[in-house]
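This report concerns only the one structure given below.
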Protein chains: 2
Amino acid sequence: MLLTTRALDTKIPAHDRVYRRLRTRIMHGDLPPGQALTIRGIGNEYEVSMTPAREAVRRLAAEGALTMSASGRISTPELSNERIEELAALRALIEVELASRALPRAHLALIERLQVTNGAIAEAVAHRDAVSYIRTNLEFHRTLYLRAQAPAMLAMAETVWLQMGPTMRALYGRLRRTEPPQFHRLIIAALRAGDEPGLRLAVRSDVTQGLRMLAS
Amino acid sequence: MLLTTRALDTKIPAHDRVYRRLRTRIMHGDLPPGQALTIRGIGNEYEVSMTPAREAVRRLAAEGALTMSASGRISTPELSNERIEELAALRALIEVELASRALPRAHLALIERLQVTNGAIAEAVAHRDAVSYIRTNLEFHRTLYLRAQAPAMLAMAETVWLQMGPTMRALYGRLRRTEPPQFHRLIIAALRAGDEPGLRLAVRSDVTQGLRMLAS
DNA sequence: TGGCTGTTTTTGTGATCACAAGTCCTTATG
DNA sequence: CATAAGGACTTGTGATCACAAAAACAGCCA
């Protein structure tokens, strides 16, 4: 029997494929803030018709990853400073809780994985690669939070990341530094020591740290 | 010139109308958990074709108001106890912050509006009307949180409410009490006194109070 | 009577088309 | 040269249809 490109074809719907790929690009900062998109353009890029492209856009708009003007035009969000502050506060609230819940379950293998990821972050910083930086940084946080066994909270945190994606790219793009995030080391140290107050402070500091770049 | 039913027709798209009406019904507990829905059925009910009905469903599914099975079947969510605990914790985190931010802006007119709303809640409780209870209760919280001037946080809180809508109905349906929520009086008292720690505690207590019904 | 198999119906998915509103560019006019 | 008006093009919206897969149902056999 002849099989298609993949054995055991999982048969993912087209709208889901388009959604996932677009979502990844937005979350990682592959698109700048205010970038205009069209349904026909998306459909053309992913070789699907307007229908699944429209559903992917609608889904992303519902999550705040895309904004729609009154006339229905689609673009990545341009966040005001007030909204960035709000989203950072949400990150602090949710991610501190996630880290706290992950702490009792964080064994040595997890901490070592975090250190490896932290090395990848340092490499992205050294190469001035904004997209790689954002991707590995989110991977660091997600690796930790997955241990919290709290899928609804993690989904909320990822929604916030998604909304900040294009803006993060713009912020880190104007940042010119060579050292990796120092608070990640504090997070790892607190995990090793089982120090919950220290962990909460370290996560909060790491999450709200990017806010200082707004003063530039 | 002849006008339609509304002067200055705002021209709301069909998918948006369907979305809003469905969303309100779900958030207020008009649908029980696990209720099956079909795209054609929704389109028929609101007199639109499959296309806008599908977009409304997709949007609600993205917000967690509806769940889709692997084969694409649509239903209201049936939450596990673990997920209810998570959502309640999210409510506590976000709404305590919203209340805290609203406190400095809460003047007397707002507090009086909250008391009027609280009276409506008592009436709904007296009539054993679960939907009215949920609606007025959310109105109480939203009235307060609107003063926080934090639209992103409020949207997050409403998303959590939306996910809990059908389950709230089931929980309050099995509840047989006659007194209105006592913590609302504490919230109002803390607002009057400008007592921020007291407000945070009162909101947290009110939000997590419903969890005790899970033991039944 | 109970379980299984075949068919029929229901249901979500994706493509295509018509349409209206918005946007952009050209052009004429002051 | 600047500006406004006109048309051409782009773009989102909604309806309809074909199709495949899943669910529901009926009938058959042990």
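Every chain is numbered from 1 and lettered A, B, ... according to where its sequence line falls, protein lines coming before strand lines.
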Closest approach of [X] and [Y], non-hydrogen atoms and distance?
X: B:Ile26; Y: B:Leu162; value: CG2-O, 3.9 Å
X: A:Arg169; Y: A:Gly29; value: NH1-O, 2.7 Å
X: A:Ala88; Y: A:Val207; value: O-CG1, 3.8 Å

Seminar exercise, completed: Among the nucleotides D:dT11, D:dA15, C:dG14, whichever has the atom closest to the side chain of A:Thr38 is D:dT11

Exercise. Can B:Arg23 and B:Glu158 be said to form a salt bridge (charged side-chain N to carboxylate O under 4.0 Å, His left out), step by step?
Worked result: CA-CA 11 Å; B:Arg23 182 184 130 107; B:Glu158 293 205 357; 2.6 Å; yes

Problem set entry | Residue closer to the 5' end of DNA chain C, B:Thr51 versus B:Arg40 (nearest nucleotide) |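 The residue mapped nearer the 5' terminus is B:Arg40.
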
Exercise. Taking the nucleotide of DNA chain C with the closest heavy atom to each, which residue, A:Pro52 or B:Leu37, is nearer the 5' end?
Worked result: B:Leu37

Gap between atoms [atom1] and [atom2], on [X] and [N] respectively (whole Å):
X: B:Ile42; N: D:dG14; atom1: CD1; atom2: C1'; result: 16 Å
X: A:Tyr46; N: C:dG14; atom1: OH; atom2: C1'; result: 18 Å
X: A:Asp16; N: C:dG12; atom1: CG; atom2: P; result: 16 Å
X: A:Ile39; N: D:dG14; atom1: CD1; atom2: P; result: 11 Å
X: A:Met50; N: C:dC17; atom1: CE; atom2: P; result: 12 Å
X: A:Arg54; N: C:dC17; atom1: CZ; atom2: P; result: 15 Å
X: A:Ile12; N: C:dG14; atom1: CD1; atom2: P; result: 11 Å
X: A:His15; N: C:dG12; atom1: NE2; atom2: C1'; result: 8 Å

For this session: Go through the structure and list residues passing ring pair (Phe, Tyr, Trp, His ring centres under 6.0 Å) with B:Tyr145, not counting sequence neighbours.
Result: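 Partners of B:Tyr145 by the ring pair (Phe, Tyr, Trp, His ring centres under 6.0 Å) criterion, ordered by chain and then number, come out as B:His141.
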
Exercise. Can a side chain N or O of B:Arg58 be found less than 4.0 Å away from OP1 or OP2 on C:dG12?
Worked result: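 No, outside the criterion.
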
For this session: Walk me through it: do B:Glu95 and B:Arg204 pass the test salt bridge (charged side-chain N to carboxylate O under 4.0 Å, His left out)?
Result: CA-CA 8 Å; B:Glu95 298 191 27; B:Arg204 174 179 296 269; over 6 Å; no

Exercise. Residues two or more places apart in sequence or in another chain: which of them pass salt bridge (charged side-chain N to carboxylate O under 4.0 Å, His left out) with A:Asp16?
Worked result: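 For A:Asp16 the salt bridge (charged side-chain N to carboxylate O under 4.0 Å, His left out) partners, ignoring immediate neighbours, are A:Arg20, A:Arg59.
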
Problem set entry | Close residues, residues 64-74 of chain A, relative to DNA chain C [heavy-atom separation under 4.0 Å] |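 When residues 64-74 of chain A is checked for heavy atoms under 4.0 Å from DNA chain C, the hits, listed by number, are A:Ser71, A:Arg73.
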
